Protein chains: 2
Amino acid sequence: MVLSPQLLNSSSAAWTTKINLEIRCIYINICIVKLEDAIKSNKFKSETQKAGLNVLYTAWWLKTLSVKELKTFGITHEQYNVLRILKGKHPELMCVKDIASRMIEKSSNVPRIVDRLEIKKFIKRTQGEIDGRQTVVTLTEKGIDVLAKATIKLDAISEKSVAITNEDAMLLNTLLEKFRTKE
Amino acid sequence: MVLSPQLLNSSSAAWTTKINLEIRCIYINICIVKLEDAIKSNKFKSETQKAGLNVLYTAWWLKTLSVKELKTFGITHEQYNVLRILKGKHPELMCVKDIASRMIEKSSNVPRIVDRLEIKKFIKRTQGEIDGRQTVVTLTEKGIDVLAKATIKLDAISEKSVAITNEDAMLLNTLLEKFRTKE
DNA sequence: TTATTTTATATGTATATACATCTATTTATG
DNA sequence: CATAAATAGATGTATATACATATAAAATAA
């Protein structure tokens with residue numbers, strides 16, 4: 001829409017509506033801020049209920065940011081998490097259970113995530129020597145490489161998109177822990 | 001494990017270890033508090049990075065609580081969300097796109113969630129009269145009923161499990177909005 | 001030592017996410 | 001009006017979640 005002199009001098013109601021829509025559009029493109037706007041609702045039972053929805057929405061928002069980046073590396077969010085966990089112990093071997101206990105989403109099906117990482121040659125998997133029930137996993141050079149590159153990209157995205165200060169982040173961490181704690 | 005007098009009088013290292021494990025177990029059952037314990041990691045690049053992981057973990061924790069409850073009603077978390085959204089406009093009809101725009105997870109595949117709700121007779125679906133492309137949806141009596149019962153149960157769970165005060169919840173909401181906003 | 005129980009992992013199923021593509025309408029344009 | 005473009009939703013695919021069940025190895029008990 002072009003703001004021609006004729007249009008700017010006009011005073012019709014239709015014109016006003018058009019301008020408002022335009023402003024709203026710019027606002028959405030820069031940053032969706034309010035939960036109310038994100039889920040088109042402002043009827044919350046309590047601040048606590050709203051906080052719950054806000055946590056869920058923020059998690060989705062954050063996950064979506066990284067999913068888009070990781071796609072360029074051919075890995076999913078969960079596959080990235082497993083690579084990151086393996087890196088923490090590298091070059092030590094880790095068993096599947098150990099990886100699972102470090103996952104953010106505890107219900108993740110680690111054996112199958114490991115399946116896919118093995119197909120892409122990002123990890124190597126062997127049967128445990130000490131405990132024959134275990135499957136032990138370690139990063140390959142290719143895995144270390146893709147993890148490093150993806151991590152640089154994700155850090156940049158986080159730097160660009162997450163605007164919170166260090167003090168606010170500390171406070172947020174405290175509040176999230178309070179949120180999860182009864183008594 | 002029974003704390004017999006003999007055991008209490010014992011001073012072996014093995015005994016000490018056993019008691020520690022027991023205490024740890026009780027602690028986990030009551031409340032997993034710290035992110036460091038939940039994901040067995042305390043190496044964070046920054047408070048902001050930790051906050052990101054903390055948001056993701058808290059969202060998983062919260063979702064898991066409700067998923068367990070909703071299972072007793074035969075619905076999933078996402079199906080519940082669609083029912084809740086429909087309730088907000090009831091008895092008005094809502095089209096699929098309208099529902100999608102109110103979902104917390106924007107990448108939800110609403111047509112397929114609606115499929116499953118229709119099979120269970122919780123919603124009724126018809127083709128739009130004004131716009132033939134639209135599929136319009138409304139709650140059935142059965143849907144209203146299951147939503148009401150599930151909501152009561154979820155509110156009780158939230159009351160029991162989420163310990164944050166009203167003031168802290170308000171602050172948390174502000175911080176999450178800050179987290180999502182770049183300038 | 002053998003049988004039982006537990007543990008580590010794999011596998012199966014229903015549903016969801018994330019996204020691409022297809023189809024039927026509707027709206028816009030020549 | 002006819003054709004092109006846009007829109008709403010359906011459908012397909014790979015991967016994930018959430019959970020149940022199966023299998024094999026290890027630990028424990030009888």
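Chain A is the first sequence line, chain B the second, and so forth, proteins listed ahead of strands; every chain is numbered from 1. Atom set for the values below is all heavy atoms of this structure, side chains included, hydrogens, waters and symmetry mates excluded. Treat the numbers as computed from the prediction; the structure is a model and nothing was measured.
Considering only side-chain N and O atoms, A/Thr135 lies nowhere under 4.0 angstrom from the phosphate OP1 or OP2 of C/dA8.
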Name each donor-acceptor pair under 3.5 Å that joins a side chain in residues 112-120 of chain A to protein atoms two or more places apart or in another chain, with its distance.
| from | atom 1 | to | atom 2 | distance (Å) |
| --- | --- | --- | --- | --- |
| A/Asp115 | OD1 | A/Arg125 | NH1 | 3.4 |
| A/Asp115 | OD1 | A/Arg125 | NH2 | 2.5 |
| A/Glu118 | OE1 | A/Arg125 | NE | 3.3 |
| A/Glu118 | OE1 | A/Arg125 | NH2 | 3.1 |
| A/Lys120 | NZ | A/Gly74 | O | 3.2 |
| A/Lys120 | NZ | A/Gln79 | OE1 | 2.6 |

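Counting only residues at least two apart or on different chains, the side-chain hydrogen bond (donor to acceptor under 3.5 Å, both in side chains) pairs with a member in residues 82-97 of chain B are B/Asn81-B/Arg84.
The hydrophobic cluster containing B/Leu93 also includes B/Val136, under a criterion of side-chain heavy atoms closer than 4.5 Å among ILVMFWY residues, counted directly or through chains of members.
For A/Lys153, the salt bridge (Lys or Arg N to Asp or Glu O under 4.0 Å) criterion is met by A/Glu69, not counting sequence neighbours. Looking at residues two or more places apart in sequence or on another chain, you find no side chain to side chain contact (heavy atoms under 4.5 Å, CB included) involving A/Lys71. Checked against salt bridge (Lys or Arg N to Asp or Glu O under 4.0 Å), B/Lys121 has no partners two or more places apart in sequence or in another chain. The salt bridge (Lys or Arg N to Asp or Glu O under 4.0 Å) check on A/Lys142 picks up nothing, with sequence neighbours excluded. Taking the side chain to side chain contact (heavy atoms under 4.5 Å, CB included) definition, one finds that B/Asn166 meets it with A/Glu47, B/Met170, sequence neighbours left out. Evaluation of the salt bridge (Lys or Arg N to Asp or Glu O under 4.0 Å) rule for A/Lys50 yields A/Glu36 as partners, not counting sequence neighbours.
Contacts between residues 122-134 of chain B and DNA chain D, defined by a heavy-atom separation below 4.0 Å, involve B/Arg125, B/Arg133, B/Gln134, listed by number. DNA chain C is contacted by A/Cys95, A/Val96, A/Lys97 of residues 76-104 of chain A, taking any non-hydrogen atom closer than 4.0 Å.
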Close N or O pairs between protein and nucleotides 19-21 of chain D (under 3.5 Å):
| from | atom 1 | to | atom 2 | distance (Å) |
| --- | --- | --- | --- | --- |
| D/dC19 | N4 | A/Asn109 | ND2 | 3.4 |

